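Quick notes on the structure that follows.
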2 protein chains.
Amino acid sequence: MSEVTIKSIAKALQLSPATISRALNDSHEIKQSTKDRVLAYAKAHNYQPNTFAKNLKTGKTNLIGVVIPFLSSPFFLEFIEELYKAVLPLHYTLLPFQTQNQEKLEEEALHFLLSQNVAGIISSPAHENSNITLLKRIHEFHCPIILFDRIQHSLDTHKIGIHNSLETYNATEELIKKGRTKIAFLCGKDIGNTKDRIRGYKNALLNHAIPFVEDYVIYADYQNPNEAIDSEIRQVLCDLQQRDLLPDAIVGGTDTLSIKILGVLADLHLAVPEDVAVIGFTNTNLADYLNPALSTIRQPTQKMAQLAVELLLELIEKKRHNTEIAYKSYLLPSHTVHRKSSAI
Amino acid sequence: MSEVTIKSIAKALQLSPATISRALNDSHEIKQSTKDRVLAYAKAHNYQPNTFAKNLKTGKTNLIGVVIPFLSSPFFLEFIEELYKAVLPLHYTLLPFQTQNQEKLEEEALHFLLSQNVAGIISSPAHENSNITLLKRIHEFHCPIILFDRIQHSLDTHKIGIHNSLETYNATEELIKKGRTKIAFLCGKDIGNTKDRIRGYKNALLNHAIPFVEDYVIYADYQNPNEAIDSEIRQVLCDLQQRDLLPDAIVGGTDTLSIKILGVLADLHLAVPEDVAVIGFTNTNLADYLNPALSTIRQPTQKMAQLAVELLLELIEKKRHNTEIAYKSYLLPSHTVHRKSSAI
DNA sequence: TTGTAGGCGTTATCAG
DNA sequence: CTGATAACGCCTACAA
């Protein structure tokens, strides 16, 4: 790394390393003239403090670990981008990791973050209670953790998300009000918020006296490769069609699925929204340009990210002072944009 | 961090720290039985080596810095995802940074990576010769750097990209062969590969005796916010339309612009491909679902990422042994997919 | 206001 | 094969 160290500066300026260290840290016990000399020299010789030594000594970092399922999902991507914006002025650095929804990879990511001695972690867990023991241990003994999006996880901490059942209820109801009755719900297998979203979907049907059809809840397994998911969904729809049970509307329960379904329906030569109306959870900026333009339930990624950082820094501060903490769940309002795919 | 250290293990097992260290590192000078004892104890007590101490001592890490302009650009996103896949089995960890095409942010990212003592860096520079002095210094004195995509940068190192002028030539020629003559080229201002792409575009016109119109090269400034870019492009097209110079085809020179232009054309009530045919550089998986399906020139992100990792590790190895290195540029073949937007 | 000395956890050198 | 010792660069009592 760098050759210029506190020691070398000390030698050059005929001062002790301690003085240099204090001067660089702007300690009040160093007189201004000395500080000036040291700072000038440090700047001139491009002194870079050794992070590792500093960390070894202090046990603190300005790193924030981020653990998400997929970077390629528009929602998570947007969230991460907002996180970057939020931490930039605060001089914290993000260490982002993907779990691919796999508990094992999540565990590895968490271990790595521990080894980097991150100041805190922001995560959307792989599964409902994935790595709960590890997360609890980290949260209690190492650094605070904040959960977002998949907030059904039982870790006791601040959680940031949306009102999943309500949003799904509203989306489903909208389709009902437009006269659709054979409404399917497309959702991810083993994903934390799926349950809540299904609940909203079911409640909407119930309140409008539409019988719930088990087969209309379609699960996609994210462990499978992309093409497999596509053909799986297509197969399910074909089966339903043959049994004369083709849905006349679909609520997309995740980012990825909401987009995919457009392709599948096109493949099956079904017209959207005429044959099948679609509305889905997704944060893609391309919703307007999709074919047809996709009605979306958009999560407030910017607010979520800002709140996540704010709460995390607060926790980091409080942990230092051992303050008592009451954890809260923050359910932020989503924003539904109605486009052609549900314009019946 | 962790409470169990080499020292504590040494005490517990009545051995010296040196022996523990060697045992943990599987040194050949430690007898098997001792190794077994140590490893068993370490595992049982969940020993985690202290990265900072290790680094301080050895001066080495398993970190790879990644510096790209935007995460939100499909090409870069896909590249990063492939990088993750490539380094996962090799036990290297990625530190990704975005520069937003800003030299200043790029500089900060590089400095941070230096402070983390990364083993190597993979970067697509913000501008043609952005941070050249810093990059040279890093490459020479700290760790190897590999450039990709924007490989017109003058840093002397391995470079991985595509044959930009050729690909643009082909795309332009395709539109010409289909009878279009008023072909515009949409490109990013101050971006490394823009020049090459414009060259290919011009050559295609030249070889087909189509006069080059200065106004048909449309620059978008990535420093502006998204909406500004949109309205800027719309304005340019409106102007051209009023002067009766509306293009009948557009070649999109970047990921973002290629997608944006579809929205702009829709706004102007211009039919694609009937009024204006479009073909663009982009790696979005959604090309098929766009309205209309977008003809794309797709960069081979997987091969690029794999090659980048391979070459970087090779350089890291060679630097250790001070081997003489001959740097190469690798121009990988792109893959053009013809879809409706250019189906005239 | 500045200096001295010790130690964070690890590895490397040298000795036994 | 194992142990003692020093050192990586930094911070912080404690001393002066």
Side-chain angles (χ1 to χ4, degrees), chain A residues 1-39 41-42 45-63 111-112 114-117 119 142 320, chain B residues 1-39 41-42 45-63 111 114-119 141-143 320:
Chain A
M1 305 200 59
S2 213
E3 303 84 14
V4 37
T5 68
I6 284 192
K7 242 191 216 167
S8 75
I9 299 180
K11 200 165 287 175
L13 298 186
Q14 311 258 48
L15 287 167
S16 81
T19 306
I20 308 299
S21 172
R22 286 188 270 242
L24 290 170
N25 289 308
D26 202 23
S27 159
H28 54 272
E29 32 183 359
I30 300 290
K31 73 174 171 203
Q32 196 55 46
S33 63
T34 308
K35 277 188 197 171
D36 291 345
R37 272 178 73 210
V38 173
L39 259 47
Y41 184 95
H45 294 70
N46 189 29
Y47 165 73
Q48 298 291 89
N50 182 313
T51 328
F52 301 101
K54 193 171 200 159
N55 268 287
L56 181 57
K57 186 65 195 173
T58 62
K60 282 182 215 158
T61 65
N62 287 309
L63 303 174
H111 275 131
F112 178 79
L114 272 187
S115 79
Q116 294 302 100
N117 197 19
H142 296 273
R320 257 179 216 147
Chain B
M1 304 199 59
S2 211
E3 303 86 13
V4 37
T5 69
I6 283 193
K7 247 189 210 168
S8 74
I9 300 180
K11 202 165 284 176
L13 298 186
Q14 311 258 48
L15 287 166
S16 80
T19 305
I20 308 299
S21 172
R22 285 189 272 240
L24 289 170
N25 288 306
D26 202 22
S27 157
H28 53 274
E29 33 183 1
I30 301 290
K31 73 175 171 205
Q32 195 57 46
S33 62
T34 308
K35 278 188 197 171
D36 291 345
R37 272 178 71 208
V38 174
L39 259 48
Y41 183 95
H45 293 71
N46 190 29
Y47 165 72
Q48 299 290 90
N50 182 313
T51 328
F52 301 101
K54 193 172 199 157
N55 268 285
L56 181 57
K57 188 64 192 170
T58 63
K60 281 181 214 158
T61 66
N62 287 308
L63 302 174
H111 275 132
L114 272 187
S115 79
Q116 293 302 100
N117 197 19
V118 292
F141 298 112
H142 297 273
C143 67
R320 256 177 217 149

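Treat the numbers as computed from the prediction; the structure is a model and nothing was measured. Convention: sequence-line order gives letters A, B, ...; per-chain numbering from 1.
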Euclidean distance, [Y] [atom2] relative to [X] [atom1], rounded to 0.5 Å:
| X | Y | atom1 | atom2 | result |
| --- | --- | --- | --- | --- |
| B/Leu63 | B/Thr51 | CG | OG1 | 9.0 Å |
| A/Ile30 | A/Arg37 | CD1 | CZ | 11.5 Å |
| A/Ile6 | A/Asn50 | CD1 | CG | 10.0 Å |
| B/Tyr41 | B/Leu15 | OH | CG | 11.5 Å |
| A/Ile20 | A/Leu39 | CD1 | CG | 10.0 Å |

**Q.** Near-strand residues of residues 16-26 of chain A, defined as heavy-atom separation under 4.0 angstrom from DNA chain C
**A.**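 Contacting residues: A/Ser16, A/Ala18, A/Thr19, A/Arg22.
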
* Could you list by number each residue of residues 6-13 of chain B showing a heavy-atom separation from DNA chain D of less than 4.0 Å, or answer none if no residue does? =>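 Residues of residues 6-13 of chain B under 4.0 Å from DNA chain D: none.
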
message: From C-beta outward on B/Thr5, which listed nucleotide comes closest to its side chain: D/dG9, C/dG9, C/dT2?
response: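 For B/Thr5, the side-chain atoms sit closest to C/dG9.
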
When the distance from [atom1] of [X] to [atom2] of [N] is rounded to whole Å, what number comes out?
| X | N | atom1 | atom2 | answer |
| --- | --- | --- | --- | --- |
| A/Gln14 | C/dT4 | CD | P | 12 Å |
| B/Asn55 | C/dC8 | CG | P | 19 Å |
| B/Lys54 | C/dG9 | NZ | C1' | 11 Å |
| B/Ile30 | D/dT2 | CD1 | P | 5 Å |
| B/Asp36 | D/dC1 | CG | P | 13 Å |
| A/Lys60 | D/dC10 | NZ | P | 17 Å |
| B/Glu29 | D/dT2 | CD | P | 10 Å |

*asked:* For B/Lys57, give me all partners under side chain to side chain contact (heavy atoms under 4.5 Å, CB included), at least two apart in sequence or on another chain.
replied: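 Partners of B/Lys57 under the side chain to side chain contact (heavy atoms under 4.5 Å, CB included) test: none.
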
| query | Does the side chain of A/Leu13 reach to within under 4.5 Å of the side chain of A/Val38, using non-hydrogen atoms? | reply |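 Touching, per the 4.5 Å side-chain cut-off.
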
Pairs meeting criterion side chain to side chain donor-acceptor pair (under 3.5 Å) with involvement of residues 9-21 of chain B, two or more places apart:
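Sorted pair list: B/Ser16-B/Thr19.
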
Position toward the 5' end of DNA chain D (nearest nucleotide), B/Thr34 or B/Thr58: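 Its nucleotide being nearer the 5' end, the pick is B/Thr34.
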
Check your understanding: Who are the side-chain hydrogen bond (donor to acceptor under 3.5 Å, both in side chains) partners of B/Asp36, not counting sequence neighbours?
Key ->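 With sequence neighbours excluded, B/Asp36 shows a side-chain hydrogen bond (donor to acceptor under 3.5 Å, both in side chains) to B/Gln32, given in chain and number order.
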
Handout entry: side-chain hydrogen bond (donor to acceptor under 3.5 Å, both in side chains) partners for B/Glu29, two or more places apart
Key =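 Here no residue qualifies.
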
Contact class for A/Lys57 (heavy atom, under 4.0 Å): base, sugar-phosphate, or nothing?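 Touches a base.
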
| query | Start at the 5' end of DNA chain C and walk down; is the nucleotide closest to A/Ser33 or to B/Leu56 reached first? | reply |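 Between the two, 5'-proximity favours A/Ser33.
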
If the condition is salt bridge (Lys or Arg N to Asp or Glu O under 4.0 Å), which residues does B/Lys54 pass it with, not counting sequence neighbours?
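B/Lys54 satisfies salt bridge (Lys or Arg N to Asp or Glu O under 4.0 Å) with no residue once adjacent residues are dropped.
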
Using the C1' atoms of five pairs at each end, what's the angle between the two axes of the helix from C/dT1-D/dA16 to C/dG16-D/dC1, to 10 degrees?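 The helix from C/dT1-D/dA16 to C/dG16-D/dC1 shows an end-to-end axis angle of 40°.
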
